[in-house]
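Just so it is clear, the model here is predicted, and its values are computed rather than measured.
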Amino acid sequence: MATLSTSAWVLHELGLAAGFGGPLFGRLALHRAVKDIHSEDERGKVLAEAWQRYNVVNAISLGTAALTWFLGRALISGRSIDEETRNLVRLKDVLLGATVATSVVNMVSGREMSEQAPDLAVPVRSGDAPSPRTPAKAAGLQRVLNVMGPLNIVLTAGVIGVTTILAMKSGRSAKWSLVSRLLP
């Protein structure tokens, strides 16, 4: 059981890391870097192809993080932990659910946006800004992504933070340490 739990914890942490790092890189680096591409159509195509490739990694990563958490979570009862820890576990449930939901919205919106032009080449000023030539529906989807993308990053950071607090609590409580071995 300890090997399975350790493996689940490692997969959980790697999933959260990839689910946080990829979107953060995209928002802070990729979206700005495409401004150096002269053609607005080519900018859109590069962004769409990059995000579609990473969305596979993101889906697997956050899916693994959610699966390991909720499977481990099903193995414990609320009676085996104190009220503060129970509240942290519930908070992680909500944050992780919201992280997965915003990830799905981002993936679907990004794909739909890229389909608004042939060859994924939706003209854009940058990863965050439409150009005057951006089709109206694509510009609207880009606005959705400009809200949901950063929200997803914040939610994922919240999951990582609560996970860290729970891990630290397990080191201070013998009872929680035993229970937490079932959780990633």
About how many Å separate [atom2] of [Y] and [atom1] of [X], when rounded to the nearest 0.5 Å?
X    : Y    : atom1 : atom2 : result
M148 : L141 : CE    : CG    : 12.0 Å
E49  : L47  : CD    : CG    : 10.0 Å
K35  : S126 : NZ    : OG    : 5.0 Å

Would a 4.5 Å heavy-atom cut-off, applied to side chains only, mark [X] and [Y] as touching?
X    : Y    : value
W9   : T68  : no
N87  : L91  : no
M113 : V124 : yes
P135 : P123 : yes
H12  : T163 : yes
L96  : F70  : yes

- Message: Can you list everything that forms a side-chain hydrogen bond (donor to acceptor under 3.5 Å, both in side chains) with S114? Sequence neighbours excluded, please.
- Response: Q52
- Listed partners of E84 passing side-chain hydrogen bond (donor to acceptor under 3.5 Å, both in side chains), at least two apart: K169
- Should the pair K45-E42 be classified as a salt bridge under the 4.0 Å nitrogen-to-oxygen rule? no
Can you name the nearest heavy-atom pair linking [X] to [Y], along with the distance?
X    : Y    : value
A18  : Y54  : O-OH, 2.6 Å
D82  : T85  : OD1-N, 2.7 Å
H38  : R43  : O-NH2, 3.4 Å
G127 : V34  : N-CG2, 3.9 Å
A50  : L30  : CB-CD2, 3.8 Å
Q142 : P130 : OE1-N, 2.9 Å

- Taking S109 for the side chain and L145 for the main chain, is one N or O donor matched with an acceptor at less than 3.5 Å? no
- Those residues at least two apart in sequence (or on a different chain) that pass side chain to side chain contact (heavy atoms under 4.5 Å, CB included) with A117 are V122
- State which residues pass side chain to side chain contact (heavy atoms under 4.5 Å, CB included) with L24; sequence neighbours excluded, sorted by chain then number. F20, L28, I153
- CA sep, side-chain torsions, deciding dist, call: W69, D93, side chain to side chain donor-acceptor pair (under 3.5 Å): CA-CA 8 Å; W69 172 253; D93 290 345; 2.7 Å; yes
Do [X] and [Y] belong to the same hydrophobic cluster, where Ile, Leu, Val, Met, Phe, Trp and Tyr are linked whenever their side-chain heavy atoms lie under 4.5 Å apart, directly or via other members?
X    : Y    : answer
V162 : L151 : yes
L16  : V100 : no
L120 : V46  : no
M107 : V144 : no
L155 : V105 : yes

- Item | Qualifying residue for side-chain contact (heavy atoms from CB on, under 4.5 Å) with I60, from N58, V57, T64 | T64
- With D119, which residues qualify under salt bridge (Lys or Arg N to Asp or Glu O under 4.0 Å), at least two apart? none
- The side-chain hydrogen bond (donor to acceptor under 3.5 Å, both in side chains) partner of S103 among T156, N55, N152 is N152
- Query: Can you list every pair that meets salt bridge (charged side-chain N to carboxylate O under 4.0 Å, His left out) and has a residue in residues 126-142, with sequence neighbours left out?
  - Reply: R27-D128, E40-R133, D41-R133, E112-K137
